[in-house]
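Read the structure below first, then the notes.
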Amino acid sequence: MTAPEIDLNYVIDGPSDGRPVLFVHGILTCRAHWLLNLPAFHDAGFRSITVELFGHGSSPAPEEEAAYHPDRYSEQFSALRNLVDAERWFVVGQSLGAALTLNYAMSRPDEVIAHVVTNSHSAFGELERIRNPEAARERAQMMIDGGIDAVMRHPLNPRRARAFDHAHRAEFDDAMLLSTPVGIARTMMYTSPHTPLRHRLPTNPVDTLLIAGDREEAFTPAREWVETNAANFRVARVSATHAVNISAAEDFNRISLQFLAEYM
């Protein structure tokens, strides 16, 4: 079987002989989402592979609906793993990205050593809340009508995070302004409806750490559901908002690296 082409924009950084870690951001952000985390991972001897979802940052915005399906993303992630010549690797997912990496890890467990995720309504939330086609179309139309200004002003866009200094915010903006609003709209319509995973998580085969931001109170029921029902999960709670790896970067880095070190 011919390996799929890698259509997502990606950046490989860190020590060339480091253990590879795939980083997948959520909706309305980009590869610069990890600015406060990558130096710590590199210093700890990891090699980072950061990708950008379709429509986000420098990734293309395909017209075909199938390109946005989580299973297509799994194919892309697997192709990246082959690119860096790794039989198995570590995976980190944030928000919508966590839903995509969970789908990948559960579908291809032989490729993933261990897995770190953050708050993700997409993956852990109630099915009825996520699969709401009318709401998805409304959100998508706002992106299309508002263009890049709507993308940059959206509450889920982390550019205003207090943890970003001026230089980080400028670097984030430079990457994020390359986004394609219609591609983000297609993500809302074509990716999000396929992300709920409660029906699969009781048989999750990969050791997974959820670093849960307790300052996002709306996520508390989902976190409690994971603690009770998800297999091979452990949960670490930190004082953080939805963008856990940004608002509590030091805690996120420390807890993640301690967890991954168990598998070295």
Side-chain angles (χ1 to χ4, degrees), residues 1-8 10 12 18-26 34 41 44-51 53 66-125 127 130 191-212 222-223 225-236 245 252 255-264:
M1 181 181 296
T2 303
E5 294 184 3
I6 300 171
D7 299 317
L8 300 174
Y10 63 90
I12 301 173
R19 296 294 295 272
V21 186
L22 173 69
F23 290 85
V24 184
H25 66 79
W34 308 104
F41 277 77
F46 289 96
R47 187 184 190 195
S48 65
I49 301 91
T50 55
V51 301
L53 303 183
Y68 296 84
H69 194 280
D71 290 344
R72 184 68 65 84
Y73 276 107
S74 291
E75 294 175 358
Q76 294 280 294
F77 300 160
S78 189
L80 277 166
R81 179 189 57 81
N82 285 324
L83 178 71
V84 298
D85 197 26
E87 182 177 351
R88 302 172 72 211
W89 60 353
F90 297 107
V91 178
V92 179
Q94 182 265 335
S95 194
L96 177 64
L100 298 176
T101 56
L102 280 163
N103 178 67
Y104 168 59
M106 288 191 287
S107 301
R108 304 177 184 230
D110 292 343
E111 298 184 8
V112 180
I113 304 169
H115 187 196
V116 178
V117 295
T118 67
N119 294 20
S120 176
H121 297 282
S122 301
F124 306 124
L127 185 66
I130 301 166
T191 304
S192 295
H194 301 288
T195 59
L197 290 168
R198 287 195 180 194
H199 63 295
R200 295 175 64 189
L201 289 169
T203 57
N204 168 47
V206 176
D207 287 350
T208 306
L209 170 67
L210 166 61
I211 304 180
R223 187 257 300 159
W225 185 94
V226 170
E227 290 173 330
T228 303
N229 297 282
N232 293 308
F233 262 78
R234 69 181 78 169
V235 177
N245 66 294
F252 175 87
I255 295 169
S256 296
L257 291 170
Q258 287 175 348
F259 174 69
L260 298 185
E262 298 178 19
Y263 302 88
M264 299 294 282

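Treat the numbers as computed from the prediction; the structure is a model and nothing was measured. Residues: numbered from 1 along the sequence shown.
In this structure, I6 CD1 and L80 CG are separated by 4.0 Å, a value rounded to the nearest 0.5 Å. Between the CG atom in L210 and the OG atom in S120 there is a gap of 9.0 Å [rounded to 0.5 Å]. A distance of 9.5 Å separates CG of L100 from NE2 of H25, quoted to the nearest 0.5 Å. Remark: I113 CD1 to R19 CZ distance equals 4.0 Å, nearest 0.5 Å. Atoms CG and CD, on L22 and Q76 in that order, are 11.0 Å from each other to the nearest 0.5 Å. Taking CD1 from I211 and OG1 from T118, the interatomic distance works out to 8.0 Å, rounded to the nearest 0.5 Å.
Counting heavy atoms from C-beta on, the side chains of L209 and L260 never come closer than 4.5 Å. Residues V206 and M106 have side chains not in contact (no heavy-atom distance under 4.5 Å, counting atoms from C-beta outward). For the pair V24/F77, a side-chain contact is recorded, criterion being any heavy-atom separation below 4.5 Å from C-beta on. Taking 4.5 Å as the limit, some side-chain heavy atom of Q94 sits within range of a side-chain heavy atom of N245. Taking 4.5 Å as the limit, every side-chain heavy atom of F124 sits out of range of all side-chain heavy atoms of N119.
Applying the side-chain hydrogen bond (donor to acceptor under 3.5 Å, both in side chains) test between H115 and each of T101, N204, N232 identifies T101 as the sole match.
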Test S256 against V92 for side-chain contact (heavy atoms from CB on, under 4.5 Å), laying out the working first. CA-CA 9 Å; S256 296; V92 179; 5.9 Å; no
L102 and L201: side-chain contact (heavy atoms from CB on, under 4.5 Å), yes or no, with the steps? CA-CA 9 Å; L102 280 163; L201 289 169; 4.2 Å; yes
With side-chain contact (heavy atoms from CB on, under 4.5 Å) as the test, would you mind laying out the steps for F233 and D207 before giving the verdict? CA-CA 6 Å; F233 262 78; D207 287 350; over 6 Å; no
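With respect to the salt-bridge test (charged N to carboxylate O, under 4.0 angstrom), the residues E111 and R81 qualify.
Side-chain atoms of T195 never come within 3.5 Å of backbone atoms of A123 as a donor-acceptor pair (strictly under, hydrogens ignored).
Judged as a side-chain contact (heavy atoms from CB on, under 4.5 Å), and not counting sequence neighbours, the contacts of T50 are V11, F23, R31, W34, L38. The side-chain hydrogen bond (donor to acceptor under 3.5 Å, both in side chains) test applied to E75 returns no partner, not counting sequence neighbours.
Side-chain polar atoms of S74 and N103 form a donor-acceptor pair below 3.5 angstrom. Side chain to side chain, D71 and Y104 fail the donor-acceptor criterion of an N or O pair below 3.5 Å. Residues R223 and T228 have side chains that never bring a donor and an acceptor to within less than 3.5 angstrom of each other.
Using cut-offs of 30° and 60° for the angle between ring planes, the Y263 and F259 rings count as perpendicular. Between H194 and H69, the two ring planes are tilted [angle within 30° to 60°]. Classified by interplanar angle (parallel below 30°, tilted 30° to 60°, perpendicular above 60°), the ring pair F90/F46 is perpendicular.
Looking at every heavy atom in both residues, R200 comes nearest to S107 through NH2-OG, 3.2 Å. Looking at every heavy atom in both residues, S192 comes nearest to L96 through OG-CD1, 4.4 Å. Nearest approach of Y68 to T191, heavy atoms of both residues: O-OG1, 2.7 Å.
More than 12 non-hydrogen atoms from other residues, nucleotides or ligands lie less than 6.0 angstrom from CD of E262.
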